[in-house]
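Take a look at the structure below.
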Number of protein chains: 2
Amino acid sequence: MGRKRLQSAGDGRPTVHTVAARAGVSIASASRVLNGVGGSPETVRKVREAAAEVGYVPNAIARSLQSQRTGLIALAVEDIGNPVYVAMMRAIEAVVAESGRQLLVHATGGQVDNETALLRRLAHRYVDGMIVSPIRVTDAHLEALADSPVPVVVVGQLPEDAPVDNVRTDSRTGVALAVDHLVAAGRRRIGFVNGPLDTVPGAARDSGFRAALATHGIEVDERLIEVGDFQYAAGRAATERLLARALPDALLCANDLIAVGALHALYGVHRSVPQDVALVGMDDTELAQMAFPQISSVSLGSATRGRRAAELLLERIADPTLPPRREQVAPSLVVRASSAVTSATDAVTPATTDVTADAVTPTAHGLPGVEVTA
Amino acid sequence: MGRKRLQSAGDGRPTVHTVAARAGVSIASASRVLNGVGGSPETVRKVREAAAEVGYVPNAIARSLQSQRTGLIALAVEDIGNPVYVAMMRAIEAVVAESGRQLLVHATGGQVDNETALLRRLAHRYVDGMIVSPIRVTDAHLEALADSPVPVVVVGQLPEDAPVDNVRTDSRTGVALAVDHLVAAGRRRIGFVNGPLDTVPGAARDSGFRAALATHGIEVDERLIEVGDFQYAAGRAATERLLARALPDALLCANDLIAVGALHALYGVHRSVPQDVALVGMDDTELAQMAFPQISSVSLGSATRGRRAAELLLERIADPTLPPRREQVAPSLVVRASSAVTSATDAVTPATTDVTADAVTPTAHGLPGVEVTA
DNA sequence: TTGTACGCGTTATCAA
DNA sequence: TTGATAACGCGTACAA
């Protein structure tokens with residue numbers, strides 16, 4: 001091109017030059033005023049006026065190139081449809097927004113190559129940091145994490161020696177809370193509908209379940225254990241398989257989506273909850289409260305983990321020299337109607353047709369639930 | 001500073017200069033090779049080698065500043081927890097990813113100032129385009145839309161003369177489909193649980209409902225109409241209020257979250273679905289299939305609208321001179337157990353306790369449902 | 001084909 | 001306080 005600098009951007013929109021020229025000052029002065037540093041009252045007035053007149057808006061990209069920061073934080077989760085990630089996302093978003101940044105959400109579908117590709121793309125410097133919650137952790141992950149040029153915080157289990165900020169929970173203890181609760185309620189034939197065993201949460205829940213049973217001297221009956229996917233349909237199908245060969249008096253599900261699927265599978269074979277089968281889910285999502293009866297669920301503190309992860313990330317962005325930190329959020333059990341034994345009215349099974357239509361006193365299902373901590 | 005250009009970025013990472021120096025060529029040659037245009041075989045080899053050795057990754061920000069494109073598409077929806085937006089988001093993400101771009105998701109909480117702030121922020125040029133699905137449309141919206149420097153596509157109703165790409169559906173017809181269906185099934189006392197009337201969808205559904213009743217010569221009974229929020233809890237509460245003063249034989253809900261709330265409110269007063277009350281939701285989300293019994297729902301083609309919106313946006317980005325386009329997606333009704341009359345087995349109410357525990361043949365609830373189009 | 005040099009729009013430095 | 005100018009890292013006319 002070779003021509004001298006224009007007074008407006010390529011698409012005709014105003015730049016600092018436009019404002020400076022209009023105000024009759026240098027671009028340096030214009031920039032200073034626009035950033036609120038320095039400038040004589042007169043200069044400030046002229047620049048502000050000129051900026052308003054032309055409708056100047058700073059170009060964030062140019063600013064980023066200069067400042068080496070984009071103000072974007074990425075979040076990578078497996079399934080954006082799973083309410084547990086929605087809760088986590090909301091908590092993260094709150095912290096991120098609070099800091100004046102924006103959140104970029106990626107759904108990875110749980111595919112390893114997607115996740116590693118995402119991690120590698122961090123090298124492009126389009127985001128200032130990333131929070132990732134992988135359900136599988138491979139060497140490829142660890143490698144990509146290790147040489148990421150921007151800060152990353154992992155939500156979930158990670159090898160002990162991985163030098164990465166990490167917020168985890170102890171799902172094995174969470175499973176134990178649920179088993180303890182069910183055993184205390186007199187249940188012995190406790191079934192377990194899990195997610196894939198080659199995932200980190202799946203494996204942890206499996207070993208946690210077996211250990212918890214052992215604690216109570218209950219022998220593991222493999223027929224009472226079924227594996228599906230961390231989804232509603234798969235959970236329902238898995239439960240149907242389980243029910244076709246065994247008769248549990250309680251059912252623990254690896255997450256709430258599975259638990260809702262299990263609930264419907266139980267309905268399908270006309271078994272009542274909690275009378276015939278006590279049901280406990282995990283993650284304590286909105287879904288557990290939206291089910292009927294409301295489902296007891298092990299809270300793994302998703303919102304808390306999300307919030308902490310975001311806070312850790314912001315801290316690291318502010319000071320990259322921090323040593324790797326590892327935090328743990330304690331699980332707790334929220335007991336609701338699906339496994340309650342104390343109040344039979346809360347655990348009433350859905351409508352039968354023999355009710356009088358006039359007595360329409362709503363029963364109390366909106367109870368917050370009783371929380372049990374480890 | 002005044003010092004000469006360094007060979008690596010401020011944080012020590014390699015730049016084109018690093019690669020060029022290492023390969024013994026000019027930055028222009030390095031850049032060309034890295035972009036796959038031109039270069040002698042020997043140069044290509046040297047540059048590729050050097051790039052690999054230093055682990056060069058292009059800086060996306062610098063590239064964006066140069067190219068005037070970021071490859072980011074923003075999506076603004078009210079509530080990321082509402083499955084209808086999840087479905088829409090997935091459809092959009094597919095198109096966006098296909099084009100090699102990334103999706104940035106914003107939750108606005110339905111607040112007008114949030115949305116307009118977001119629209120104005122577009123002026124910062126951080127995204128190449130935006131898809132927004134506002135539930136309220138104010139003058140502030142229209143103004144912000146009008147002078148947005150980057151392309152915007154609106155999903156939802158918009159004033160006729162708004163010069164903005166727009167993908168809508170006809171929810172009034174959708175409501176009519178549901179009412180027709182319920183009337184055909186012999187229902188006459190049709191209740192309606194709506195969202196806020198000061199929202200675009202709320203207002204459209206309300207007028208649609210009244211018009212549909214009129215079509216069938218049914219007089220509107222205000223006691224059968226209740227308004228809450230587009231959420232589960234509010235829907236449940238609203239339904240409880242309605243049930244406390246009236247006895248509908250059918251219930252139409254403004255979305256599936258409300259419908260699930262209504263289902264549980266009905267359970268709460270021991271009214272069976274669909275025997276006592278036929279239930280129809282709207283949006284046809286996963287939730288409708290995850291409920292028990294599965295809920296009939298008016299599909300407003302969220303996924304289709306999302307996909308089309310994304311396609312329109314990409315087209316406009318490619319050619320900004322296109323005239324404003326307006327597309328409409330036809331609603332359809334998916335009939336499931338909650339309002340089915342043909343097959344009583346599909347509509348079985350949830351478990352009673354008097355079942356034989358051994359006969360565990362799962363019943364078929366996973367039916368895709370029967371689709372009815374306008 | 002290769003290298004020089006400029007521009008993308010902004011902020012920061014330094015001398016006046 | 002102000003203005004000229006150098007970066008930020010990249011792509012690309014243009015001339016060689």
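Throughout, protein chains are lettered first and strands after them, A, B, ... in sequence-line order, and every chain is numbered starting at 1.
- Out of D/dT1, D/dC8, D/dT12, the shortest distance to the side chain of A/Leu65 is found at D/dC8.
- Side-chain atoms of B/Arg32 and base atoms of C/dG3 include a donor and an acceptor less than 3.5 Å apart.
- Counting only N and O atoms by type, the side chains of A/Arg168 and A/Gln157 include a donor and acceptor under 3.5 Å apart.
- For CD of B/Glu98, the number of neighbouring non-hydrogen atoms (other residues, nucleotides, ligands) closer than 6.0 Å is 12 at most.
- Atom CG of A/Leu142 is separated from atom CG of A/Asp139 by 6.0 Å, given to the nearest 0.5 angstrom.
- In this structure, B/Ser26 does not reach the C/dT4 phosphate: none of its side-chain N or O atoms is under 4.0 Å from OP1 or OP2.
- Within the 4.0 Å cut-off from OP1 or OP2 of C/dT10, at least one side-chain nitrogen or oxygen of A/Tyr56 is found.
- Using a 4.0 Å heavy-atom criterion, one finds that A/Ser31 contacts the bases of the nucleic acid, with or without backbone contacts as well.
- Of the candidate nucleotides C/dG9, C/dT11, C/dT1, C/dG9 has the atom nearest to the side chain of B/Gln68.
- A close approach under 4.0 Å does not occur between any side-chain nitrogen or oxygen of A/Asn59 and OP1 or OP2 of C/dC8.
- Between D/dT1 and A/Thr43, no contact under 4.0 Å exists linking OP1 or OP2 to a side-chain N or O.
- A/Thr15 has no side-chain polar atom (N or O) that falls below the 4.0 Å cut-off from OP1 or OP2 of C/dG9.
- In this structure, NZ of B/Lys46 is placed 11 Å from C1' of C/dT2, rounded to the nearest angstrom.
- One atom, NE2 of B/His124, and another, C1' of C/dC8, lie 18 Å apart when rounded to the nearest Å.
- A salt bridge does not link A/Glu49 with A/Lys46: every distance from a Lys NZ or Arg NE/NH1/NH2 to an Asp or Glu carboxylate oxygen is 4.0 Å or more.
- Contact annotation: B/Ser67 side-chain N/O to D/dC10 OP1/OP2 distance is not under 4.0 Å.
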Test side chain to side chain contact (heavy atoms under 4.5 Å, CB included) applied to B/Met89 and B/Val105, step by step: CA-CA 8 Å; B/Met89 194 178 317; B/Val105 180; 4.0 Å; yes

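- B/Asn35 places its CG atom 7 Å from the P atom of D/dT12, with the value rounded to the nearest Å.
- Atom NE2 in B/His17 sits roughly 13 Å away from atom C1' in D/dA6 (whole-Å rounding).
- Counting only heavy atoms from C-beta on, A/Gln66 has its side chain closest to C/dG9 among D/dC10, C/dG9, C/dG3.
- Of all nucleotides listed (D/dG3, D/dG9, C/dT2), C/dT2 comes nearest to the side chain of B/Ser40.
- Within 4.0 Å (heavy atoms only), B/Ile27 reaches at least one base atom of the nucleic acid.
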